[in-house]
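Residues take their numbers from the sequence shown, with the count starting at 1.
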Amino acid sequence: MINLKKIVVIGAGTMGSGIAQWFAQQMCFVELVDNSEEQLNKALKSIHASWDKLVEKNKLSSSDVLQMKKLLEVKSLDKVAKDSDLVVEAIIENLEIKKELFQKLDNYFSPHTIISSNTSSFPITLMSEAVSSERKSRFVGLHFFNPATIMKLVEVIKGDQTDKSLCDDLYQWFDEKGKK
């Protein structure tokens, strides 16, 4: 069984910030990355406001939210933990920009790190061309639906060389967290 504890989400737009918020709500340590410091600060402020509203509505406890706020950090890519369990890419829908990013991620993160894309536009196998042959088995699609914090769906998408047992483990992990 897989254990996801350290998550990196790249892209602090609507989807990326929602995905980061959801993982923090699962009590995972989350590092949210974006090229724009302004976007990172906006995302963090929005996530904190969302959690504060959930406390007001008695949907989350203030102690849980305090813990979640400690678990979520905004950073630049070169400052995130190289031993993260999972990276979720949620940047602009541009294949060349994504492939360039995946090549960097492959070289940066430890071999055990799962690299994933939230895309619904490009085939996972096509994007996995940017990573080493050793990484292809740990390259997967994780397509969250908007808003990621509320929608129960997440697609686990296998590429041609993705390890099937990894997909099964991810499916089970998400299922245990209430995602379908």
Rounded to the nearest 0.5 Å, what separates atom CD1 in I114 from atom OG in S84? 11.0 Å
E31 to K79 - nearest heavy-atom pair and separation: OE2-O, 4.1 Å
Set of side-chain hydrogen bond (donor to acceptor under 3.5 Å, both in side chains) partners for T14, sequence neighbours left out: none
What side-chain donor-acceptor pairs closer than 3.5 Å can you find for residues 45-56, not counting sequence neighbours?
unit_1	atom_1	unit_2	atom_2	d
S50	OG	Q21	NE2	3.1
W51	NE1	Q25	OE1	2.7
D52	OD1	K69	NZ	2.8

Counting heavy atoms not belonging to E100, are there more than 12 under 6.0 Å from its CD? no
Do you see a donor-acceptor pair shorter than 3.5 Å between the side chains of D34 and S36? no
Examine L170 and I115 and state if one hydrophobic cluster contains both, with Ile, Leu, Val, Met, Phe, Trp and Tyr joined whenever side-chain heavy atoms are less than 4.5 Å apart. no
Taking every heavy atom of V88 against every heavy atom of F23, the minimum-distance pair comes out as CG2-CE1, 4.1 Å
Give the table of side-chain donor-acceptor pairs shorter than 3.5 Å for residues 3-10, with sequence neighbours excluded, one pair per line with atom names and distance.
unit_1	atom_1	unit_2	atom_2	d
K6	NZ	D83	OD1	2.7
K6	NZ	D83	OD2	3.0

Evaluate M151 against N146 for side chain to side chain contact (heavy atoms under 4.5 Å, CB included), listing each step before the verdict. CA-CA 6 Å; M151 293 297 286; N146 193 22; 5.8 Å; no
Where at least one partner belongs to residues 75-104, residue pairs that pass ring pair (Phe, Tyr, Trp, His ring centres under 6.0 Å), sequence neighbours excluded: F102-F139
So V30 and E73, do their side chains get closer than 4.5 Å, heavy atoms only? no
If you apply the rule side chain to side chain contact (heavy atoms under 4.5 Å, CB included), what do you find for L44 with L32, and how did you get there? CA-CA 9 Å; L44 190 61; L32 181 59; over 6 Å; no
Taking transitive links into account, so neighbours of neighbours count too, which hydrophobic residues share a cluster with I150 at under 4.5 Å side-chain distance? none
Check whether V154 and I124 end up in the same hydrophobic cluster, where Ile, Leu, Val, Met, Phe, Trp and Tyr are linked by side-chain heavy atoms less than 4.5 Å apart. no
Which atom names give the shortest non-hydrogen contact between T162 and L166, and what distance separates them? CG2-CD2, 4.3 Å
Using side-chain heavy atoms (C-beta onward) and a distance below 4.5 Å, is L95 in contact with M127? yes
Which heavy atom in V156 sits nearest to a heavy atom in L142, and how many Å separate them? CG2-CD2, 3.9 Å
Tell me whether L105 shares a hydrophobic cluster with L86, the cluster being built from Ile, Leu, Val, Met, Phe, Trp, Tyr side chains joined at under 4.5 Å. no
Within the supplied structure, the quantity of interest is the number of heavy atoms (other residues, nucleotides, ligands) at a distance under 6.0 Å from F29 CZ; does it exceed 12? yes
Might you confirm whether atom NZ of K104 has over 12 heavy atoms from other residues, nucleotides or ligands at distances under 6.0 Å? no
Tell me every residue that passes ring-ring contact (aromatic ring centres under 6.0 Å, His included) with F122, counting only those two or more places apart in sequence or in another chain. none
Same cluster or not: are V87 and F144 linked, directly or through other Ile, Leu, Val, Met, Phe, Trp or Tyr residues, by side-chain heavy atoms under 4.5 angstrom apart? no
In short, A148 meets M15 closest at the heavy-atom pair CB-CE, 4.4 Å
Does atom CD of E38 have more than 12 heavy-atom neighbours, drawn from other residues, nucleotides or ligands, at distances under 6.0 Å? no
Would you say that M27 contacts L71 through its side chain, given a criterion of any heavy-atom pair below 4.5 Å between the two side chains? yes
Quick one: are D85 and H112 in side-chain contact, heavy atoms under 4.5 Å? yes
Are any of the side-chain heavy atoms of K99 and L126 separated by less than 4.5 Å? yes
Just wondering, more than 12 heavy atoms not from K158 lying within 6.0 Å of its NZ? yes
Taking 4.0 angstrom as the limit, do K98 and E93 come out as a salt bridge? yes
Decide whether I19 and L72 are clustered together by the hydrophobic rule: side chain heavy atoms of Ile, Leu, Val, Met, Phe, Trp, Tyr closer than 4.5 Å, transitively. yes
Quick one: does Q161's side chain get under 4.5 Å of T125's, heavy atoms only? no
Can you see whether T113 engages S110 through a side-chain donor-acceptor pair at a distance of less than 3.5 angstrom? yes
Grab the two heavy atoms, one from A12 and one from L40, that are nearest each other, plus how far apart they are. CB-CD2, 3.9 Å
Check the angle between the aromatic planes of F174 and W22 and answer parallel, tilted or perpendicular using the 30° and 60° thresholds. parallel
